[in-house]
Amino acid sequence: MDDSTDGFLAQSKIWNRDIEKKTIEVMGKRAYGFDKSSDLNTFSMDTPPPYASGRPWHLGAVAQYSQIDAIARSSRMFGNQVLFPVGIDRNGIPVERYTEKKYNISMRSTDREKFLGMCRTALDDLEKEMLALLDTIGYSADFSRLYRTDSDDYRAFTQATFIQQWNAKNIYKGTRPSNYCVGCGTTIADAEIEYSDLSSKLTYIRFKLKGSDKTITIATTRPELLGACAAIMVNPNDDRHKEMIGKKAIVPIYDLEVEIIPHESAKPEFGSGAVMICSYGDYNDVLLFRDLSLKERILVDTFGKMNENAGNEILGLKVKDARSKIVSMLEESGLVEKSEDVSHRTPICERSKTPIEIIPMEEYFLKTVDDKERLMEIAKNIEFIPYQHRQILINWINVASDWPISRRRFYGTEIPIWYCDKCSEPYVPPPGKYYKPWKEAPPSSATCSSCGGKSFRGDDRTFDTWMDSSVSALYVSGYGRDEELFKKTYPITVRTQGVDIIRTWMYYSIVRCSQLSGNAPWKKAWVGGMGLDEHGVKMSKSKGNVVDPSPLMDRYGVDAFRFWAASEASIGSNFSYSESKLAGSQKFLTKLLNLSKLIHALGKPVHDIGYDDLMPADKWIMGEFSALVKDAVSGYKELNFFIPSNRIRNFVWSVFAPHYAEMVKARAYGNGFSDKQKNAAVYTLNHVLDGVLLLTAPICPFITEALWSESHGTGESVHSKTFPALGRSEERYMLGDALVKFNSMVWAEKKDKGMSLRDSISIAIPDELKEMSDDLRAMHNIK
RNA sequence: GGGCCCAUGGUCUAGCGGUUAUGACGUUUCCUUCACAUGGAAAAGGCCGGGAGUUCGAAUCUCCCUGGGCCCACCA
């Protein structure tokens with residue numbers, strides 16, 4: 001029987017990346033597919049398809065993926081058939097921006113077809129790196145069914161789900177003031193906006209009152225929108241302006257008459273207490289225009305320049321230039337009362353960091369507001385791990401508005417709509433194929449439902465990239481394509497993701513999947529915390545504090561990294577990167593390696609050992625081990641790796657190695673004990689070690705595989721096993737405290753007397769430990 | 001303004017009503033044949049942010065305060 005592992009473990013005293021690589025060489029790689037005809041219980045997962053955006057993949061993300069992998073692995077060890085998909089998200093603005101930067105080109109001045117090709121090349125490179133990294137960390141997903149959100153197949157799926165929702169009237173076309181990013185040249189959703197405190201000037205401008213010498217002073221940060229002013233509001237309780245309510249003011253330069261109206265949202269203490277309402281300076285303006293039925297006048301075009309409504313003086317100027325021009329015009333006329341520097345919380349695009357403009361755009365919207373109650377119900381029925389994070393979703397469901405899904409961009413799934421040349425009625429094709437309306441004709445059967453026309457022009461827009469990823473749960477479970485698989489795997493057992501994309505990926509997934517399938521996409525949602533830098537600050541590219549995990553894994557080993565990720569913080573909490581703790585994890589694995597070497601050196605266990613053949617010390621550790629199994633397994637059941645990782649480390653490092661292994665070493669060597677007694681020790685050591693390896697396998701797949709193969713041969717993998725059953729535990733395991741206390745006492749005594757730990761000593765063994773006397777005498781060399 | 005989370009030895013962290021508060025890193029001292037010096041052993045170091053309350057009993061529950069972090073809304 002030569003199934004040894006070439007002894008590659010014996011040569012090493014520490015656990016590191018090199019041995020991990022050797023382990024893969026010796027043991028090979030396992031494939032983890034999903035067998036839909038299996039009788040095992042199904043455990044299905046909906047995992048985040050990582051976005052190929054060109055960033056170095058940051059440590060927090062890799063830590064999260066290693067935990068997601070541990071979920072899959074532990075679930076297999078519970079005896080489930082696990083659907084563990086892997087995909088790469090490749091659509092949308094980030095890759096377009098990456099491509100523009102890489103080739104120093106601009107998307108809109110590049111041929112669309114050519115630009116798409118460049119994006120694809122860039123993506124292929126990025127994808128390679130990401131897959132290599134997933135492979136490095138031992139990600140045990142089904143790579144044979146790797147999906148890409150920009151494949152013809154996936155895009156056809158995205159389009160098919162859109163068409164289904166279109167036919168169900170969940171989607172409508174509407175023109176409404178939208179968040180428009182001048183930098184990206186497209187409408188974006190509320191979820192894509194972030195805020196930044198930018199310095200700005202608050203300009204106080206005098207308006208004349210109609211038919212009077214009096215003036216009213218308004219304060220604004222957007223003087224260039226003067227020509228869009230439709231009303232002035234003042235607080236009804238503001239004595240300074242009370243008598244002006246109902247009067248008309250004249251907008252300077254533009255000579256427009258606007259009414260002065262009372263409104264609670266005008267704060268007397270801010271600025272001059274009088275506000276001009278324009279289309280559209282901010283979101284509040286949008287609400288006021290709607291509530292007061294004001295007539296909008298749009299001054300900014302989609303290039304961020306002033307249009308003809310703004311008047312000849314500033315026509316064609318960029319917003320910022322128009323602003324200074326208007327201010328100087330007003331100054332010349334003596335209408336600027338004063339100007340203050342203010343810090344203004346400005347909405348900006350999360351991709352391009354450009355301040356957004358609010359411009360009415362015709363876009364497609366997916367209805368979510370009408371669905372609020374049902375979404376809330378679903379949110380309440382999904383089990384959140386940890387439960388606190390559900391609140392973030394609920395808060396967002398409450399405030400979210402309908403989702404604008406169309407983007408004026410190139411690299412994304414095309415909106416499958418054509419418009420009748422005659423009457424402009426939209427034509428939506430049947431689902432099932434991948435449509436590219438910007439360059440292809442509609443199906444030959446296409447006929448305008450309104451006028452019977454046969455000639456069409458295609459919509460040239462794409463979808464928001466969340467339209468693709470929001471149906472990942474349906475895609476991986478075979479919705480609409482594989483009924484058998486779908487029945488088995490949907491709703492998905494668990495969605496895994498980070499807390500940072502609850503408003504986007506989680507929210508949109510619930511909206512889309514539930515509207516399409518009629519029920520919640522998942523039973524559980526596992527929400528991991530964010531990776532922070534060593535100072536507890538969120539890692540981000542702009543702050544330059546992103547930690548690259550690859551060199552760390554090379555230095556300390558992947559298993560050390562995975563163990564660190566599992567043991568660093570309880571589920572859902574943010575975790576700070578700490579190199580010293582990573583090093584600490586490596587030390588633990590080194591401990592486990594060396595302990596295992598000792599046990600293997602003592603020989604193979606004799607299998608016909610029964611519980612009654614064990615000596616008291618053996619029964620004691622069996623009891624301790626049983627308690628470990630119980631705790632670790634319950635942690636795995638909760639998908640919380642903090643519990644098993646810490647519990648295992650504590651057991652191995654503080655109980656099993658220093659107390660039990662030290663105590664029975666002499667017996668296991670056979671020094672002064674009978675064969676039967678020796679065998680009991682060898683058996684127990686092996687039994688507990690095997691159990692520890694099984695319990696550690698989901699978190700540290702490499703070291704457990706290597707050590708397992710040392711005693712079981714390379715023919716069988718630890719990753720094909722199930723968790724150990726609860727062992728027998730007698731009251732005896734309560735002796736642990738007494739034992740630890742006694743050992744410490746002996747060690748301290750020897751130290752006090754300047755003795756070596758091996759020197760013999762005369763010391764009384766306490767009554768409660770009398771039954772372990774033989775082992776203790778051998779351990780401490782007690783006379 | 002609304003919501004969520006956090007505050008425990010030098011640093012990070014466990015703790016979910018009950019005897020001398022967990023562990024890691026760091027620090028000090030001692031110990032190298034026989035698994036491991038990236039090791040072992042011993043030790044120092046905390047009135048569990050402040051205040052009030054509930055309780056026989058609070059790091060743990062409630063309220064207030066202070067100081068952090070995050071999310072949402074609003075900011076002309």
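A quick note: this is a predicted structure, and the numbers were derived from the prediction, not measured. Naming convention: chains lettered A, B, ... in sequence-line order (proteins, then strands); numbering from 1 in each chain.
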Using whole Å, what does the distance between atom [atom2] of nucleotide [N] and atom [atom1] of [X] come to?
| X | N | atom1 | atom2 | result |
| --- | --- | --- | --- | --- |
| A/L393 | B/C72 | CG | P | 13 Å |
| A/R390 | B/C72 | CZ | P | 20 Å |
| A/H780 | B/A41 | NE2 | C1' | 12 Å |

Q. Hey, does the side chain of A/D402 reach the backbone of A/T368 with a donor-acceptor pair shorter than 3.5 angstrom?
A.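 Answer holds: yes.
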For [N], the Watson-Crick or wobble partner whose two distances fall under 3.5 Å:
| N | answer |
| --- | --- |
| B/C25 | B/G10 |
| B/G39 | B/C31 |
| B/U19 | none |
| B/C61 | B/G53 |

(Q) Can you classify the ring geometry of A/W564 versus A/F575 as parallel (below 30°), tilted (30 to 60°) or perpendicular (above 60°)? (A)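 Aromatic pair A/W564/A/F575 classed perpendicular.
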Q. Do the ring planes of A/H780 and A/F742 sit parallel (below 30°), tilted (30 to 60°) or perpendicular (above 60°)?
A.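 Rings of A/H780 and A/F742: perpendicular, as their planes differ by over 60°.
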NA contact type, [X], heavy-atom cut-off 4.0 Å: base, sugar-phosphate, or nothing?
| X | value |
| --- | --- |
| A/E194 | nothing |
| A/N284 | sugar-phosphate |
| A/A601 | nothing |
| A/A661 | nothing |
| A/N398 | nothing |
| A/S744 | sugar-phosphate |

Separation of the [atom1] atoms in [N] and [M], to the nearest angstrom:
| N | M | atom1 | value |
| --- | --- | --- | --- |
| B/G53 | B/A41 | P | 46 Å |
| B/A14 | B/C6 | C1' | 15 Å |
| B/G50 | B/G46 | P | 15 Å |
| B/U66 | B/C74 | P | 27 Å |

Given [options], identify the nucleotide with an atom nearest to the side chain of [X].
| X | options | value |
| --- | --- | --- |
| A/W747 | B/C75, B/A41, B/A35 | B/A41 |
| A/W396 | B/A73, B/A35, B/A41 | B/A73 |
| A/Q586 | B/C34, B/A41, B/U38 | B/U38 |
| A/K13 | B/A37, B/A41, B/A42 | B/A37 |

(Q) Within the 4.5 Å heavy-atom criterion, are A/F651 and A/I621 side-chain neighbours or not? (A)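 Counting from C-beta outward, A/F651 and A/I621 do come under 4.5 Å.
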(Q) Do A/F642 and A/E568 make a side-chain contact, defined as non-hydrogen atoms from C-beta onward lying under 4.5 Å apart? (A)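 With C-beta onward as the side chain, the pair stays apart.
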Q: With RNA chain B as reference, determine whether A/L598 or A/I392 sits nearer its 5' end, using the nearest nucleotide of each.
A: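 It is A/L598 whose nearest nucleotide is closer to the 5' end.
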Q | Toward the 5' end of RNA chain B, by each residue's nearest nucleotide, A/K591 or A/G273 | A |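 This one resolves to A/K591.
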(Q) With no hydrogens and no angle check, just 3.5 Å: does a side-chain donor-acceptor pair link A/S401 and A/D190? (A)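 Short answer, yes.
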Q. Are A/K678 and A/F673 in a cation-pi contact, defined as NZ or CZ under 6.0 Å from the six-membered ring centre and within 45° of the axis?
A.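 No, A/K678 does not sit over the ring of A/F673.
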**Q.** Protein-to-nucleotide contact annotation, 5' to 3' order, nucleotides 1-25 of chain B [B base; S sugar-phosphate only; - none; under 4.0 Å, heavy atom]
**A.** --S--------B-S--------B-S
**Q.** For A/I397 against A/A379, the heavy-atom pair lying closest together
**A.**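 Shortest heavy-atom separation between A/I397 and A/A379 comes out as CD1-CB, 3.9 Å.
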